[in-house]
Number of protein chains: 2
Amino acid sequence: MVRWEPNARGRLEKAALELYAERGFDATTVAEIAARAGLTERTFFRHFADKREVLFGGTEGLEDLLVRGTLKASDDGLGPVEAIAAALAEFAENVFTKQRHELARHRQAIIAAHPDLRERELIKMASLASALAGALRRRGVGDPAAALAAEAGIAIFKVAFERWVAGPAGASLPQLIRESAAALKSVTGP
Amino acid sequence: MVRWEPNARGRLEKAALELYAERGFDATTVAEIAARAGLTERTFFRHFADKREVLFGGTEGLEDLLVRGTLKASDDGLGPVEAIAAALAEFAENVFTKQRHELARHRQAIIAAHPDLRERELIKMASLASALAGALRRRGVGDPAAALAAEAGIAIFKVAFERWVAGPAGASLPQLIRESAAALKSVTGP
DNA sequence: TAGCTCGATGACAGTAACTGTCATCGCTGT
DNA sequence: ACAGCGATGACAGTTACTGTCATCGAGCTA
(Lines give C-alpha, C1' and ligand atoms only; values in the text may rest on other atoms or scores of the structure.)
Protein backbone atom coordinates (compact mmCIF):
# COMPACT_ATOMS: atom_id res chain seq x y z
CA MET A 1 0.00 0.00 0.00
CA VAL A 2 1.54 3.23 -1.13
CA ARG A 3 0.80 6.59 0.30
CA TRP A 4 0.48 8.29 -3.10
CA GLU A 5 -0.16 7.16 -6.61
CA PRO A 6 3.05 7.16 -8.64
CA ASN A 7 4.03 9.56 -11.40
CA ALA A 8 2.39 12.71 -10.12
CA ARG A 9 4.22 14.77 -12.70
CA GLY A 10 3.01 12.67 -15.58
CA ARG A 11 -0.56 12.76 -14.34
CA LEU A 12 -0.40 16.54 -14.15
CA GLU A 13 0.93 16.75 -17.69
CA LYS A 14 -1.81 14.51 -18.99
CA ALA A 15 -4.55 16.37 -17.14
CA ALA A 16 -3.27 19.72 -18.34
CA LEU A 17 -3.06 18.60 -21.96
CA GLU A 18 -6.62 17.31 -21.82
CA LEU A 19 -8.05 20.38 -20.17
CA TYR A 20 -6.20 22.86 -22.36
CA ALA A 21 -7.59 21.01 -25.37
CA GLU A 22 -11.12 20.73 -23.99
CA ARG A 23 -11.66 24.24 -22.66
CA GLY A 24 -8.67 26.22 -23.80
CA PHE A 25 -5.69 27.44 -21.84
CA ASP A 26 -7.36 30.52 -20.37
CA ALA A 27 -10.48 28.77 -19.21
CA THR A 28 -8.52 26.11 -17.36
CA THR A 29 -7.41 26.77 -13.80
CA VAL A 30 -4.45 25.15 -12.17
CA ALA A 31 -6.76 23.92 -9.44
CA GLU A 32 -8.77 22.01 -12.06
CA ILE A 33 -5.67 20.42 -13.51
CA ALA A 34 -4.51 19.36 -10.08
CA ALA A 35 -7.94 18.01 -9.17
CA ARG A 36 -8.10 15.88 -12.34
CA ALA A 37 -4.68 14.51 -11.46
CA GLY A 38 -5.82 13.79 -7.91
CA LEU A 39 -3.50 16.39 -6.42
CA THR A 40 -3.61 19.91 -5.07
CA GLU A 41 -2.74 23.19 -6.72
CA ARG A 42 0.30 23.56 -4.49
CA THR A 43 1.71 20.31 -5.76
CA PHE A 44 1.29 21.43 -9.35
CA PHE A 45 3.60 24.35 -8.66
CA ARG A 46 6.13 22.06 -7.04
CA HIS A 47 6.45 20.18 -10.31
CA PHE A 48 6.12 23.06 -12.77
CA ALA A 49 7.26 26.64 -12.46
CA ASP A 50 4.05 27.95 -13.96
CA LYS A 51 0.87 27.07 -15.79
CA ARG A 52 2.62 27.06 -19.17
CA GLU A 53 5.65 25.00 -18.29
CA VAL A 54 3.56 21.85 -17.92
CA LEU A 55 3.46 21.63 -21.73
CA PHE A 56 7.21 21.89 -22.10
CA GLY A 57 8.48 19.08 -19.95
CA GLY A 58 11.08 16.59 -21.10
CA THR A 59 13.21 19.38 -22.51
CA GLU A 60 15.96 19.01 -19.94
CA GLY A 61 18.57 17.02 -21.82
CA LEU A 62 17.66 18.51 -25.17
CA GLU A 63 20.13 21.36 -25.26
CA ASP A 64 23.04 19.16 -24.27
CA LEU A 65 22.06 16.56 -26.81
CA LEU A 66 21.93 19.05 -29.65
CA VAL A 67 25.08 20.80 -28.55
CA ARG A 68 26.91 17.48 -28.61
CA GLY A 69 25.44 16.64 -31.99
CA THR A 70 26.50 20.00 -33.36
CA LEU A 71 30.03 19.66 -32.04
CA LYS A 72 30.33 16.22 -33.57
CA ALA A 73 28.96 17.31 -36.95
CA SER A 74 31.27 20.29 -36.87
CA ASP A 75 34.22 18.00 -36.24
CA ASP A 76 33.13 15.99 -39.27
CA GLY A 77 33.84 19.04 -41.38
CA LEU A 78 30.38 20.45 -41.91
CA GLY A 79 29.83 24.19 -42.05
CA PRO A 80 28.20 25.87 -39.05
CA VAL A 81 24.63 25.85 -40.32
CA GLU A 82 25.00 22.41 -41.83
CA ALA A 83 26.32 21.09 -38.54
CA ILE A 84 23.31 22.37 -36.64
CA ALA A 85 20.93 21.12 -39.29
CA ALA A 86 22.55 17.70 -39.12
CA ALA A 87 22.24 17.59 -35.35
CA LEU A 88 18.61 18.60 -35.54
CA ALA A 89 17.89 16.05 -38.23
CA GLU A 90 19.43 13.25 -36.21
CA PHE A 91 17.52 14.32 -33.14
CA ALA A 92 14.29 14.46 -35.14
CA GLU A 93 14.95 10.99 -36.48
CA ASN A 94 14.83 9.57 -32.98
CA VAL A 95 12.18 11.69 -31.37
CA PHE A 96 9.65 12.95 -33.89
CA THR A 97 8.76 9.59 -35.30
CA LYS A 98 5.69 8.80 -37.32
CA GLN A 99 3.89 7.48 -34.23
CA ARG A 100 4.31 10.77 -32.41
CA HIS A 101 2.96 12.82 -35.27
CA GLU A 102 -0.57 12.92 -33.93
CA LEU A 103 0.58 13.82 -30.43
CA ALA A 104 2.81 16.59 -31.75
CA ARG A 105 0.00 17.94 -33.89
CA HIS A 106 -2.29 18.01 -30.89
CA ARG A 107 0.25 19.76 -28.72
CA GLN A 108 1.10 22.33 -31.36
CA ALA A 109 -2.56 23.15 -31.88
CA ILE A 110 -2.83 23.98 -28.20
CA ILE A 111 0.33 26.07 -28.24
CA ALA A 112 -0.62 27.91 -31.41
CA ALA A 113 -3.98 28.80 -29.90
CA HIS A 114 -2.54 30.88 -27.11
CA PRO A 115 0.05 33.69 -27.27
CA ASP A 116 1.31 32.96 -23.77
CA LEU A 117 2.22 29.45 -24.86
CA ARG A 118 3.78 30.70 -28.09
CA GLU A 119 5.95 33.02 -26.02
CA ARG A 120 7.17 30.15 -23.92
CA GLU A 121 7.96 28.09 -26.97
CA LEU A 122 9.88 30.97 -28.51
CA ILE A 123 12.06 31.49 -25.47
CA LYS A 124 12.90 27.80 -25.39
CA MET A 125 13.99 28.05 -29.00
CA ALA A 126 15.99 31.18 -28.28
CA SER A 127 17.70 29.49 -25.38
CA LEU A 128 18.57 26.59 -27.62
CA ALA A 129 19.93 28.94 -30.26
CA SER A 130 22.11 30.56 -27.63
CA ALA A 131 23.49 27.19 -26.55
CA LEU A 132 24.22 26.19 -30.13
CA ALA A 133 25.98 29.48 -30.79
CA GLY A 134 28.18 28.70 -27.81
CA ALA A 135 28.99 25.30 -29.24
CA LEU A 136 30.02 26.82 -32.55
CA ARG A 137 32.24 29.33 -30.80
CA ARG A 138 33.96 26.48 -29.03
CA ARG A 139 34.73 25.13 -32.49
CA GLY A 140 36.35 28.34 -33.53
CA VAL A 141 33.47 30.00 -35.30
CA GLY A 142 33.73 33.73 -34.70
CA ASP A 143 31.14 36.35 -33.96
CA PRO A 144 28.69 37.29 -35.35
CA ALA A 145 28.93 34.17 -37.51
CA ALA A 146 28.23 31.80 -34.63
CA ALA A 147 25.14 33.65 -33.46
CA LEU A 148 23.81 33.95 -36.98
CA ALA A 149 24.42 30.32 -37.80
CA ALA A 150 22.61 29.29 -34.63
CA GLU A 151 19.64 31.52 -35.38
CA ALA A 152 19.57 30.23 -38.92
CA GLY A 153 19.65 26.65 -37.71
CA ILE A 154 16.73 27.28 -35.41
CA ALA A 155 14.84 29.00 -38.22
CA ILE A 156 15.36 25.93 -40.35
CA PHE A 157 13.99 23.74 -37.61
CA LYS A 158 11.01 25.99 -36.93
CA VAL A 159 9.95 26.03 -40.55
CA ALA A 160 10.52 22.32 -41.03
CA PHE A 161 8.65 21.43 -37.88
CA GLU A 162 5.73 23.64 -38.86
CA ARG A 163 5.49 21.85 -42.17
CA TRP A 164 5.82 18.46 -40.54
CA VAL A 165 3.02 19.19 -38.13
CA ALA A 166 0.77 20.64 -40.82
CA GLY A 167 1.48 17.88 -43.31
CA PRO A 168 0.52 14.21 -43.60
CA ALA A 169 1.58 11.66 -41.03
CA GLY A 170 3.94 10.02 -43.50
CA ALA A 171 6.31 12.94 -43.94
CA SER A 172 9.83 12.70 -42.55
CA LEU A 173 10.95 15.55 -40.36
CA PRO A 174 14.66 14.95 -41.03
CA GLN A 175 13.90 15.17 -44.73
CA LEU A 176 11.97 18.42 -44.22
CA ILE A 177 14.90 19.79 -42.23
CA ARG A 178 17.26 19.04 -45.08
CA GLU A 179 14.87 20.68 -47.53
CA SER A 180 14.57 23.75 -45.34
CA ALA A 181 18.32 24.00 -45.04
CA ALA A 182 18.61 23.89 -48.82
CA ALA A 183 15.87 26.48 -49.20
CA LEU A 184 17.64 28.82 -46.81
CA LYS A 185 20.83 28.46 -48.76
CA SER A 186 19.12 29.36 -52.01
CA VAL A 187 17.21 32.25 -50.50
CA THR A 188 20.24 33.98 -49.01
CA GLY A 189 21.75 34.13 -52.46
CA PRO A 190 21.02 36.93 -54.93
CA MET B 1 -8.04 74.25 -16.01
CA VAL B 2 -7.94 70.68 -17.21
CA ARG B 3 -9.40 67.78 -15.41
CA TRP B 4 -6.36 65.53 -15.85
CA GLU B 5 -2.73 66.01 -16.62
CA PRO B 6 -2.05 65.24 -20.28
CA ASN B 7 -0.16 62.25 -21.69
CA ALA B 8 -1.17 59.63 -19.15
CA ARG B 9 0.28 56.89 -21.33
CA GLY B 10 3.65 58.56 -21.58
CA ARG B 11 3.80 59.16 -17.86
CA LEU B 12 3.06 55.50 -17.24
CA GLU B 13 5.81 54.43 -19.62
CA LYS B 14 8.31 56.72 -17.96
CA ALA B 15 7.38 55.60 -14.46
CA ALA B 16 7.56 51.94 -15.44
CA LEU B 17 10.96 52.31 -17.08
CA GLU B 18 12.32 54.05 -14.00
CA LEU B 19 10.92 51.55 -11.52
CA TYR B 20 11.94 48.49 -13.53
CA ALA B 21 15.45 49.89 -13.63
CA GLU B 22 15.52 50.86 -9.95
CA ARG B 23 14.04 47.78 -8.33
CA GLY B 24 13.70 45.25 -11.11
CA PHE B 25 10.64 44.07 -12.96
CA ASP B 26 9.49 41.56 -10.35
CA ALA B 27 9.82 43.87 -7.40
CA THR B 28 7.74 46.56 -9.07
CA THR B 29 3.96 46.45 -8.73
CA VAL B 30 1.60 47.99 -11.21
CA ALA B 31 0.09 50.00 -8.38
CA GLU B 32 3.49 51.61 -7.78
CA ILE B 33 3.90 52.51 -11.44
CA ALA B 34 0.45 54.05 -11.52
CA ALA B 35 1.06 55.97 -8.31
CA ARG B 36 4.29 57.45 -9.64
CA ALA B 37 2.42 58.53 -12.75
CA GLY B 38 -0.32 60.03 -10.63
CA LEU B 39 -2.89 57.49 -11.78
CA THR B 40 -4.56 54.34 -10.56
CA GLU B 41 -3.78 50.73 -11.29
CA ARG B 42 -7.00 50.41 -13.28
CA THR B 43 -5.93 53.15 -15.63
CA PHE B 44 -2.61 51.42 -16.24
CA PHE B 45 -4.49 48.43 -17.59
CA ARG B 46 -6.60 50.63 -19.80
CA HIS B 47 -3.45 51.80 -21.57
CA PHE B 48 -1.45 48.58 -21.55
CA ALA B 49 -2.64 45.01 -21.82
CA ASP B 50 -0.26 43.84 -19.13
CA LYS B 51 2.71 44.74 -17.00
CA ARG B 52 5.16 43.89 -19.78
CA GLU B 53 3.53 45.69 -22.64
CA VAL B 54 4.38 49.08 -21.17
CA LEU B 55 7.94 48.58 -22.42
CA PHE B 56 6.87 47.78 -25.96
CA GLY B 57 4.76 50.75 -26.92
CA GLY B 58 5.17 52.63 -30.17
CA THR B 59 5.35 49.39 -32.09
CA GLU B 60 2.02 49.88 -33.83
CA GLY B 61 3.02 51.12 -37.27
CA LEU B 62 6.26 49.15 -37.27
CA GLU B 63 5.05 46.05 -39.06
CA ASP B 64 3.35 48.00 -41.80
CA LEU B 65 6.39 50.18 -42.28
CA LEU B 66 8.74 47.24 -42.64
CA VAL B 67 6.33 45.34 -44.84
CA ARG B 68 6.13 48.31 -47.18
CA GLY B 69 9.90 48.69 -47.14
CA THR B 70 10.34 45.02 -47.96
CA LEU B 71 7.86 45.15 -50.83
CA LYS B 72 9.61 48.16 -52.25
CA ALA B 73 13.07 46.64 -51.94
CA SER B 74 11.77 43.46 -53.49
CA ASP B 75 10.40 45.43 -56.43
CA ASP B 76 13.84 46.95 -56.82
CA GLY B 77 15.14 43.51 -57.65
CA LEU B 78 16.73 42.48 -54.37
CA GLY B 79 16.58 38.87 -53.22
CA PRO B 80 14.19 38.00 -50.36
CA VAL B 81 16.68 38.24 -47.52
CA GLU B 82 18.38 41.27 -49.01
CA ALA B 83 15.03 42.99 -49.36
CA ILE B 84 14.23 42.50 -45.69
CA ALA B 85 17.71 43.53 -44.63
CA ALA B 86 17.41 46.68 -46.72
CA ALA B 87 14.05 47.55 -45.17
CA LEU B 88 15.44 46.97 -41.69
CA ALA B 89 18.52 49.05 -42.43
CA GLU B 90 16.45 51.96 -43.69
CA PHE B 91 14.19 51.74 -40.67
CA ALA B 92 17.19 51.64 -38.36
CA GLU B 93 18.63 54.69 -40.08
CA ASN B 94 15.62 56.75 -39.05
CA VAL B 95 14.85 55.33 -35.65
CA PHE B 96 17.94 53.95 -33.95
CA THR B 97 20.00 57.08 -34.24
CA LYS B 98 23.08 57.87 -32.24
CA GLN B 99 21.07 59.97 -29.78
CA ARG B 100 18.83 57.06 -28.92
CA HIS B 101 21.71 54.69 -28.28
CA GLU B 102 21.77 55.29 -24.55
CA LEU B 103 18.00 54.92 -24.24
CA ALA B 104 18.03 51.70 -26.24
CA ARG B 105 20.87 50.34 -24.12
CA HIS B 106 18.96 51.10 -20.96
CA ARG B 107 15.78 49.50 -22.24
CA GLN B 108 17.58 46.39 -23.44
CA ALA B 109 19.30 45.96 -20.10
CA ILE B 110 15.90 45.86 -18.43
CA ILE B 111 14.50 43.41 -20.96
CA ALA B 112 17.54 41.16 -20.82
CA ALA B 113 17.26 41.00 -17.05
CA HIS B 114 13.89 39.32 -17.02
CA PRO B 115 12.72 36.22 -18.94
CA ASP B 116 9.12 37.44 -19.05
CA LEU B 117 10.26 40.52 -20.91
CA ARG B 118 12.48 38.49 -23.21
CA GLU B 119 9.47 36.36 -24.07
CA ARG B 120 7.46 39.40 -24.99
CA GLU B 121 10.26 40.72 -27.17
CA LEU B 122 10.58 37.39 -28.91
CA ILE B 123 6.91 37.16 -29.79
CA LYS B 124 7.01 40.68 -31.22
CA MET B 125 9.90 39.61 -33.42
CA ALA B 126 8.09 36.44 -34.43
CA SER B 127 5.00 38.40 -35.34
CA LEU B 128 7.13 40.70 -37.45
CA ALA B 129 8.74 37.73 -39.16
CA SER B 130 5.33 36.38 -39.97
CA ALA B 131 4.24 39.68 -41.50
CA LEU B 132 7.40 39.89 -43.57
CA ALA B 133 6.94 36.35 -44.81
CA GLY B 134 3.47 37.37 -45.96
CA ALA B 135 4.94 40.31 -47.84
CA LEU B 136 7.41 38.07 -49.64
CA ARG B 137 4.65 35.67 -50.61
CA ARG B 138 2.76 38.56 -52.13
CA ARG B 139 5.83 39.13 -54.26
CA GLY B 140 5.77 35.58 -55.51
CA VAL B 141 8.27 34.00 -53.15
CA GLY B 142 7.14 30.44 -52.50
CA ASP B 143 7.07 28.37 -49.34
CA PRO B 144 9.12 27.49 -47.38
CA ALA B 145 11.42 30.11 -48.93
CA ALA B 146 9.34 33.05 -47.76
CA ALA B 147 9.16 31.88 -44.16
CA LEU B 148 12.87 31.09 -44.09
CA ALA B 149 13.86 34.40 -45.61
CA ALA B 150 11.74 36.23 -43.06
CA GLU B 151 13.24 34.29 -40.16
CA ALA B 152 16.70 34.88 -41.55
CA GLY B 153 16.01 38.59 -41.89
CA ILE B 154 14.88 38.79 -38.29
CA ALA B 155 17.95 36.84 -37.20
CA ILE B 156 20.13 39.35 -39.00
CA PHE B 157 18.40 42.18 -37.20
CA LYS B 158 18.57 40.51 -33.78
CA VAL B 159 22.29 39.92 -34.05
CA ALA B 160 23.00 43.37 -35.44
CA PHE B 161 20.89 45.08 -32.80
CA GLU B 162 22.59 43.12 -30.04
CA ARG B 163 25.96 44.26 -31.29
CA TRP B 164 24.79 47.84 -31.67
CA VAL B 165 23.51 47.92 -28.11
CA ALA B 166 26.61 46.31 -26.70
CA GLY B 167 29.00 48.43 -28.73
CA PRO B 168 30.10 52.06 -28.62
CA ALA B 169 27.66 54.90 -29.20
CA GLY B 170 29.25 55.75 -32.52
CA ALA B 171 28.42 52.51 -34.32
CA SER B 172 25.90 52.55 -37.12
CA LEU B 173 23.08 50.03 -36.87
CA PRO B 174 22.43 50.01 -40.63
CA GLN B 175 26.07 49.19 -41.16
CA LEU B 176 25.91 46.39 -38.60
CA ILE B 177 22.81 45.05 -40.34
CA ARG B 178 24.66 44.93 -43.65
CA GLU B 179 27.58 43.18 -41.97
CA SER B 180 25.29 40.63 -40.36
CA ALA B 181 23.59 39.96 -43.66
CA ALA B 182 26.97 39.33 -45.25
CA ALA B 183 27.99 37.09 -42.36
CA LEU B 184 24.84 35.04 -42.74
CA LYS B 185 25.51 34.61 -46.42
CA SER B 186 29.00 33.34 -45.79
CA VAL B 187 27.96 31.05 -42.97
CA THR B 188 25.25 29.25 -44.92
CA GLY B 189 27.83 28.25 -47.48
CA PRO B 190 30.05 25.16 -47.09
C1' DT C 1 -27.79 79.20 -21.67
C1' DA C 2 -29.47 74.65 -20.50
C1' DG C 3 -29.23 70.16 -21.27
C1' DC C 4 -26.88 65.92 -23.27
C1' DT C 5 -23.59 62.84 -24.74
C1' DC C 6 -18.82 61.26 -24.69
C1' DG C 7 -14.45 59.86 -23.09
C1' DA C 8 -10.96 59.37 -19.64
C1' DT C 9 -10.49 58.27 -15.10
C1' DG C 10 -11.54 56.50 -10.24
C1' DA C 11 -13.61 53.19 -6.92
C1' DC C 12 -14.36 48.75 -5.67
C1' DA C 13 -15.10 43.99 -5.73
C1' DG C 14 -13.76 39.63 -7.63
C1' DT C 15 -10.85 35.74 -9.81
C1' DA C 16 -6.81 33.13 -10.26
C1' DA C 17 -1.66 32.64 -10.64
C1' DC C 18 1.94 32.04 -7.72
C1' DT C 19 4.65 31.87 -3.00
C1' DG C 20 5.90 30.94 1.89
C1' DT C 21 5.38 28.08 5.73
C1' DC C 22 4.21 24.47 8.57
C1' DA C 23 2.02 19.86 9.30
C1' DT C 24 1.49 15.02 7.89
C1' DC C 25 3.03 10.38 7.33
C1' DG C 26 4.74 6.31 4.57
C1' DC C 27 9.38 4.84 3.51
C1' DT C 28 14.38 3.92 4.42
C1' DG C 29 18.47 3.18 6.75
C1' DT C 30 20.71 2.16 11.22
C1' DA D 1 12.36 0.51 17.19
C1' DC D 2 13.29 4.94 15.75
C1' DA D 3 15.05 9.06 13.45
C1' DG D 4 15.15 11.52 9.39
C1' DC D 5 13.69 12.28 4.61
C1' DG D 6 10.77 13.49 0.91
C1' DA D 7 6.41 14.14 -1.36
C1' DT D 8 2.24 15.98 -0.42
C1' DG D 9 -1.64 18.79 1.86
C1' DA D 10 -3.52 22.89 4.24
C1' DC D 11 -3.78 27.56 4.52
C1' DA D 12 -2.87 32.31 4.31
C1' DG D 13 -1.00 36.05 1.63
C1' DT D 14 0.37 39.00 -2.50
C1' DT D 15 -0.45 40.74 -6.95
C1' DA D 16 -1.74 40.67 -11.91
C1' DC D 17 -5.72 41.37 -14.30
C1' DT D 18 -11.04 42.02 -15.20
C1' DG D 19 -15.89 43.67 -14.84
C1' DT D 20 -18.87 47.23 -13.60
C1' DC D 21 -20.60 51.40 -12.19
C1' DA D 22 -19.85 56.32 -10.83
C1' DT D 23 -17.76 60.84 -11.74
C1' DC D 24 -17.11 65.00 -14.18
C1' DG D 25 -15.00 68.29 -17.57
C1' DA D 26 -15.45 69.22 -22.64
C1' DG D 27 -17.89 69.85 -26.59
C1' DC D 28 -22.21 69.59 -29.22
C1' DT D 29 -27.05 70.93 -29.99
C1' DA D 30 -31.28 73.21 -29.46
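Fair warning: this is a prediction, and the values are worked out from it, not measured in the lab. Residue numbers begin at 1 in each chain, while the letters A, B, ... track the order of the sequences.
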*asked:* Applying salt bridge (Lys or Arg N to Asp or Glu O under 4.0 Å), can you list everything that pairs with R139(A), at least two apart in sequence or on another chain?
replied: D75(A)
*For atom CG of N7(B) and atom C1' of dT9(C), their distance in whole Å*: 15 Å
*Does H47(A) put a side-chain nitrogen or oxygen below 4.0 Å from OP1 or OP2 of dT8(D)?*
yes
*Listed by chain and number, what are the salt bridge (Lys or Arg N to Asp or Glu O under 4.0 Å) partners of R178(A), not counting sequence neighbours?*
none
_Counterpart residues, side chain to side chain contact (heavy atoms under 4.5 Å, CB included), relative to A160(B) (two or more places apart)_ = L173(B), L176(B), I177(B), S180(B)
*Please report the C-alpha distance between I156(B) and L88(B) in whole Å, then the side-chain angles of each, then the deciding distance to 0.1 Å, and finally whether the side chain to side chain contact (heavy atoms under 4.5 Å, CB included) criterion is met.*
CA-CA 9 Å; I156(B) 288 168; L88(B) 288 168; 5.6 Å; no
*Under 4.0 Å from any atom of DNA chain D, heavy atoms only: list the residues of residues 13-20 of chain A that qualify, in numerical order.*
none
*Return no unless some side-chain N or O of T43(B) is found under 4.0 Å from OP1 or OP2 of dG10(C).*
yes
Report all side-chain donor-acceptor pairs from residues 124-136 of chain B shorter than 3.5 Å, counting only partners two or more places apart or in another chain.
unit_1, atom_1, unit_2, atom_2, d
K124(B), NZ, E53(B), OE2, 2.5
S127(B), OG, E63(B), OE2, 2.4

_Qualifying ring pair (Phe, Tyr, Trp, His ring centres under 6.0 Å) pairs with a residue from residues 126-145 of chain A, counting only residues at least two apart or across chains_ = none
*Flag the pair R36(A) and E32(A) as a salt bridge only when some basic side-chain nitrogen lies within less than 4.0 angstrom of an acidic carboxylate oxygen.*
no
*Does F96(A) have any ring-ring contact (aromatic ring centres under 6.0 Å, His included) partners at least two apart in sequence or in another chain, and if so, which?*
F91(A), F161(A), W164(A)
_If the condition is ring-ring contact (aromatic ring centres under 6.0 Å, His included), which residues does H114(B) pass it with, not counting sequence neighbours?_
F25(B)
_Sequence-aligned protein contact record of nucleotides 15-25 of chain C, with B where the base is within under 4.0 Å of a protein heavy atom and S where only the sugar-phosphate is_ = --SBBBB--BB
*asked:* Can you list, in residue-number order, the parts of residues 108-126 of chain B that come under 4.0 Å of DNA chain C, counting heavy atoms only?
replied: none
*Tell me, please, which residues at least two apart from E121(A) pass salt bridge (Lys or Arg N to Asp or Glu O under 4.0 Å).*
none
*asked:* Tell me the interatomic distance from E53(B), atom CD, to dC17(D), atom C1', rounded to whole angstroms.
replied: 14 Å
_Distance in angstrom units between R9(B) CZ and dG7(C) P, rounded_ = 18 Å
_D116(A): which residues meet the salt bridge (Lys or Arg N to Asp or Glu O under 4.0 Å) condition with it, sequence neighbours left out?_
none
